[in-house]
Amino acid sequence: TKADIGRRSPYNTYLNNGLPPGPIGNPGAEALKAALHPAATPYLYFVARQDGTHQFSRTLDEHNNAVRRYLK
């Protein structure tokens, strides 16, 4: 959330340069499999619509339009 972006924390990379002091996540087996064998799609970007769904985009222009539409 926007509140999280302003929260003072050593893990907040919006406020702190570099990497956080420790792990920020622990991927499960399915996530590792997906990283090793990604689906073949034309999409390079996504934005969460704030309703539990996502908008996927092929170009940066499409993505920026989706950000304006769903997050602002």
Side-chain angles (χ1 to χ4, degrees):
T1 66
K2 289 188 179 185
D4 291 323
I5 291 171
R7 185 172 289 130
R8 292 249 170 243
S9 163
Y11 290 89
N12 186 342
T13 56
Y14 286 94
L15 299 178
N16 303 306
N17 290 327
L19 296 171
I24 56 173
N26 186 13
E30 291 302 312
L32 293 172
K33 287 178 192 173
L36 291 171
H37 307 284
T41 72
Y43 304 112
L44 297 175
Y45 306 92
F46 76 93
V47 63
R49 292 181 178 170
Q50 299 185 8
D51 67 357
T53 65
H54 297 84
Q55 177 66 44
F56 295 91
S57 303
R58 289 170 281 163
T59 68
L60 183 56
D61 284 340
E62 287 178 359
H63 173 68
N64 289 337
N65 288 334
V67 168
R68 281 191 289 278
R69 180 174 181 185
Y70 296 111
L71 298 184
K72 295 186 178 181

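We number each residue from 1, following the sequence as shown.
Counting all heavy atoms, side chain and backbone alike, L71 lies closest to A48 at CD2-O, 3.5 Å. Of all heavy-atom pairs spanning R7 and L15, the tightest one is O-CD1, 3.6 Å. Residues S57 and A66 come closest through the heavy atom pair OG-CB, 4.3 Å. Between P27 and L32 the shortest heavy-atom distance is CG-CD2, 3.9 Å.
Rounded to the nearest 0.5 angstrom, R69 CZ and N64 CG are separated by 15.0 Å. Rounded to the nearest 0.5 angstrom, Y43 OH and Q55 CD are separated by 8.5 Å. The NE2 atom of H63 sits 10.0 Å away from atom CZ of R68, with the distance rounded to the nearest 0.5 Å.
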**Request:** Would you please test D61 and T59 for side-chain hydrogen bond (donor to acceptor under 3.5 Å, both in side chains) and show each step?
**Result:** CA-CA 5 Å; D61 284 340; T59 68; 5.4 Å; no
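Atom CG of L19 sits in a sparse spot, with 12 or fewer heavy atoms from other residues, nucleotides or ligands closer than 6.0 Å. For F56, the CZ atom counts as densely surrounded, since its 6.0 Å shell holds more than 12 non-hydrogen atoms of other residues, nucleotides or ligands. Counting heavy-atom neighbours within 6.0 Å of R49 CZ, excluding the residue itself, gives a total above 12. Annotation: Y11, atom OH; neighbour count of heavy atoms from other residues, nucleotides and ligands within 6.0 Å is above 12.
Of the possible polar contacts, one joining the N16 side chain to the N12 backbone as a donor-acceptor pair under 3.5 Å is found. Remark: side-chain polar atoms of D4 are paired, donor with acceptor, to backbone N or O of T1 under 3.5 angstrom.
At a threshold of 4.5 Å between side-chain heavy atoms, the hydrophobic network of Ile, Leu, Val, Met, Phe, Trp and Tyr places L44 and L60 in one connected group. Cluster membership check: Y45 does not share its hydrophobic cluster with V67, using side-chain heavy-atom separations under 4.5 Å among Ile, Leu, Val, Met, Phe, Trp and Tyr.
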